[in-house]
Amino acid sequence: MLIKWRVSSDLRKDILWTFSSQILIMLVVLLVNKLVSVHLGVEGFALYSIAKKSSTVLVSILAWGMTIALPRYLSKYRVSEDKRYFTLFPMSLLLLFFFSIVLLLASVLFSTSMREWVLGGLGDNELLFIILFYSIGSALNDLTVAYFRGKGMYKRSNIVQICTQISLLIGALFFQDTSPLFLSWTILILINCLSFATKFFWRDMQECSRLGGIKPLLASNKQLFFYGTPRMLSDLVFQSTSFVPLLIVLAKFGEIATGLFSTAITLQLMITPLFAFSGQIFLQRVSEMVEKKEFKKIRRLIRWSMMAFLSIASVGFLSISIGAEFWLQMLFSKEFIPATSITVIVSLSLIPRSIYLLLRNPLDAISSVPYNLFSLLLWFALYVLLLSHSNTIEASAWSYTLSSLSLAITSLVFWRRALHRLQRNN
């Protein structure tokens, strides 16, 4: 009884600490977007948005699903006392280094094509390589956060995230152009990661050397790669749905419309850190519960969390839709008020997206089948199809919202299926 109370108490502490840190992160993100939008204006914000969102696509490739694989296997190996526990972080960094080299070589050899893909043809080679290094730094930051989550060190993982956001705020305060802004962010993020991760990386490398052979390292590398590959594809599709549509809108409606459309999506995404704490905690916790076969506890955790998420999403939708003009003026500037109507439309997607954001990490914890990839592929196909037939910017916003319904539906179906199969096999 005492053990159960202690575990429940630890979970509540982790949720409270993580939720509080996500609130702080959300506020910092709001302030950063305010500063950047004032400095760059609507047209400049279009280039910034494309560069920022393309970097998230690059981060998905560079991290190669390790942000999911690390918390899952670190949790499982800690419970089972598997000797490969100490090999996971070094191997994930080795994979990051390999993919970074490949990406940089491709950009040197095919700079024109890469510039078109990453910047939508709006920037130069200097900005291209700055965005590449910013993406590498961001991927390292994500791996560091995932590593601490997998070890159950939620306080430290959240401190890393908070320091990263403060770094972005510092850059936004002192730099008012796109290239120096991203360059400052790159340097500050790398300093942040090295400060927090170097000691733990060195310890794990020392433990790896004691294993007395390369076989455990190769086994970990193989497991991380094959588990991470479909998760990388899931992240890639997920991030592409915020980047590729901007290129479509840019081609159909021009820079100003793209800036307004991006603003509506950005405002809605500012609330998603409130849901992000589920991924920060549930992936690690549910992985441990699966290892211990605590299926009733998993069902209860998800049921109560679903009620909380839907409540938060509904409040978020009402807050944005009722005060859309106020939020746009306060968080961006008066130039962005024309985005009011599309902001209201896009904010409705918070409700179905909250269901997906709740279930995506528990799904990865209970099954190696890439269910999230299937959900995202269907969503992406539906989104692009609706967007390609949109003749106005408002219709493009409805494409975003309506396609989001498929995320909620498929996530619920896959969750019931995966959990039933897991229980049946155990």
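Values in this document were obtained by computation on a predicted structure and should not be read as measured data.
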S.K.: With a 4.5 Å limit on heavy-atom distance, are the side chains of P362 and I366 in contact?
M.R.: no

S.K.: First locate atom CD of Q165, then atom CG of N192, and finally report the distance between them rounded to the nearest 0.5 Å.
M.R.: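 Q165 CD to N192 CG: 10.0 Å, rounded to 0.5 Å.
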
S.K.: Can you find a side-chain donor-acceptor pair between T164 and N141 that sits under 3.5 Å?
M.R.: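 Result is yes, a qualifying pair exists.
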
S.K.: Assess whether side-chain contact (heavy atoms from CB on, under 4.5 Å) is satisfied between F261 and S396, documenting all intermediate values.
M.R.: CA-CA 8 Å; F261 184 71; S396 300; 3.9 Å; yes

S.K.: With a 4.5 Å heavy-atom cut-off, do Q223 and R84 have their side chains touching?
M.R.: yes

S.K.: For I320, which of V346, V315, L350 qualifies under side-chain contact (heavy atoms from CB on, under 4.5 Å)?
M.R.: L350

S.K.: Tell me if the centroids of the rings in Y227 and Y73 come within less than 6.0 Å of each other.
M.R.: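 Aromatic pair counts; centres sit under 6.0 Å.
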
S.K.: L27 versus L31: any side-chain heavy-atom pair under 4.5 Å?
M.R.: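 L27 vs L31: side chains apart.
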
S.K.: Do the ring planes of F336 and F332 sit parallel (below 30°), tilted (30 to 60°) or perpendicular (above 60°)?
M.R.: tilted

S.K.: Could you check whether any side-chain heavy atom of I342 comes within less than 4.5 Å of a side-chain heavy atom of I265, counting everything from C-beta outward?
M.R.: no

S.K.: Tell me whether H420 contacts the main-chain N or O of R416 through its side chain, where contact means a donor paired with an acceptor under 3.5 Å.
M.R.: no

S.K.: Does S54 use its side chain to pair, donor to acceptor, with the backbone of A51 at less than 3.5 Å?
M.R.: yes

S.K.: Is a side-chain N or O of N361 found less than 3.5 angstrom from the main chain of F282, in a donor-acceptor match?
M.R.: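 No, N361 side chain to F282 backbone: no donor-acceptor pair under 3.5 Å.
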
S.K.: Are any of the side-chain heavy atoms of V32 and V28 separated by less than 4.5 Å?
M.R.: yes

S.K.: Working to the nearest 0.5 Å, report the span between CG of L95 and CE of M232.
M.R.: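 Rounded to the nearest 0.5 Å, the CG-CE separation comes out at 11.0 Å.
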
S.K.: Closest approach of L260 and A339, non-hydrogen atoms and distance?
M.R.: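 Minimum heavy-atom separation between L260 and A339: O-CB, 3.7 Å.
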
S.K.: Backbone N or O of L382 within a donor-acceptor pair of the S403 side chain at under 3.5 Å?
M.R.: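 A pair under 3.5 Å: no.
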
S.K.: Considering non-hydrogen atoms only, spot the tightest contact between L143 and S92 and give its length.
M.R.: CD1-O, 3.9 Å

S.K.: Hey, is CG on L103 packed in by over 12 heavy atoms from elsewhere, all under 6.0 Å?
M.R.: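 Yes, CG of L103 has more than 12 neighbouring heavy atoms, counting only those of other groups under 6.0 Å.
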
S.K.: Given E288, which partner from the list K76, R72, R78 fulfils the side-chain hydrogen bond (donor to acceptor under 3.5 Å, both in side chains) test?
M.R.: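 Option passing the side-chain hydrogen bond (donor to acceptor under 3.5 Å, both in side chains) with E288: R78.
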
S.K.: Dump the intermediate steps for side-chain contact (heavy atoms from CB on, under 4.5 Å) on M66 and L96, then the final yes or no.
M.R.: CA-CA 9 Å; M66 296 302 104; L96 171 60; over 6 Å; no

S.K.: State yes or no: are the ring centers of F175 and F182 separated by less than 6.0 Å?
M.R.: no

S.K.: Do other residues, nucleotides or ligands put more than 12 heavy atoms under 6.0 Å from the CZ atom of F133?
M.R.: no

S.K.: Taking it one step at a time, do I68 and N372 satisfy side-chain contact (heavy atoms from CB on, under 4.5 Å)?
M.R.: CA-CA 12 Å; I68 302 296; N372 290 316; over 6 Å; no

S.K.: Could you report the tightest heavy-atom contact between S349 and Y400, atom names first, then the distance?
M.R.: OG-CE2, 3.3 Å

S.K.: Over all heavy atoms of both residues, which pair between L407 and S375 is shortest? Give the atoms and the distance, please.
M.R.: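 The pair with the smallest heavy-atom distance is CD2-O, 4.0 Å.
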
S.K.: Have a look at F89 and tell me which of F148, Y147, Y77, F200 forms a ring pair (Phe, Tyr, Trp, His ring centres under 6.0 Å) with it.
M.R.: Y147

S.K.: As an exercise, state the distance from CZ of F414 to CZ of R421, rounded to the nearest 0.5 Å.
M.R.: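 These two atoms lie 11.0 Å from each other.
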
S.K.: Could you check if a side-chain atom of L62 sits within less than 4.5 angstrom of a side-chain atom of I136, using non-hydrogen atoms only?
M.R.: yes

S.K.: Using atom types as modelled and distance alone, determine if a side-chain donor or acceptor of S305 lies under 3.5 Å from a backbone N or O of I302.
M.R.: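 Answer holds: no.
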
S.K.: Angle class for the W64/F225 ring planes (parallel below 30°, perpendicular above 60°, tilted otherwise)?
M.R.: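 Taking F225 first and then W64, their aromatic rings lie parallel (interplane angle under 30°).
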
S.K.: Are S167 and W185 side-chain neighbours, meaning at least one heavy-atom pair lies under 4.5 Å?
M.R.: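 Side-chain contact under 4.5 Å: no.
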
S.K.: Rounded to the nearest 0.5 Å, how far does CG of L328 lie from OG1 of T343?
M.R.: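 Here the interatomic distance stands at 4.5 Å.
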
S.K.: What pair of heavy atoms forms the shortest contact from M306 to I355, and how long is it?
M.R.: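 Here M306 and I355 meet closest at SD-CG1, 4.0 Å.
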
S.K.: Considering all heavy atoms of both residues, which atom of L74 and which atom of Y85 are nearest to each other, and what is their separation?
M.R.: O-CE1, 3.4 Å

S.K.: State, without any angle test, whether S49 and S262 hold a side-chain donor-acceptor pair at a distance under 3.5 Å.
M.R.: yes

S.K.: Just wondering, are more than 12 heavy atoms of other shown residues or ligands nearer than 6.0 Å to CH2 in W327?
M.R.: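 Not more than 12 within 6.0 Å, no.
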
S.K.: Nearest 0.5 angstrom please: L58 CG to S60 OG, how far?
M.R.: 8.5 Å

S.K.: Do S354 and L310 make a side-chain contact, defined as non-hydrogen atoms from C-beta onward lying under 4.5 Å apart?
M.R.: yes

S.K.: OH/Y356 to CZ/R360 distance, rounded to the nearest 0.5 angstrom?
M.R.: 5.0 Å

S.K.: Counting distance only, does the side-chain N/O of T258 pair as donor-acceptor with the main-chain N or O of L250 below 3.5 Å?
M.R.: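 Side chain of T258 to backbone of L250, a donor-acceptor pair under 3.5 Å: yes, one is there.
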
S.K.: Determine, step by step, whether E294 and I298 satisfy the side-chain contact (heavy atoms from CB on, under 4.5 Å) criterion, reporting the C-alpha distance in whole Å, the side-chain angles of both residues, the deciding distance to 0.1 Å, and the verdict.
M.R.: CA-CA 7 Å; E294 298 174 334; I298 293 174; 5.5 Å; no

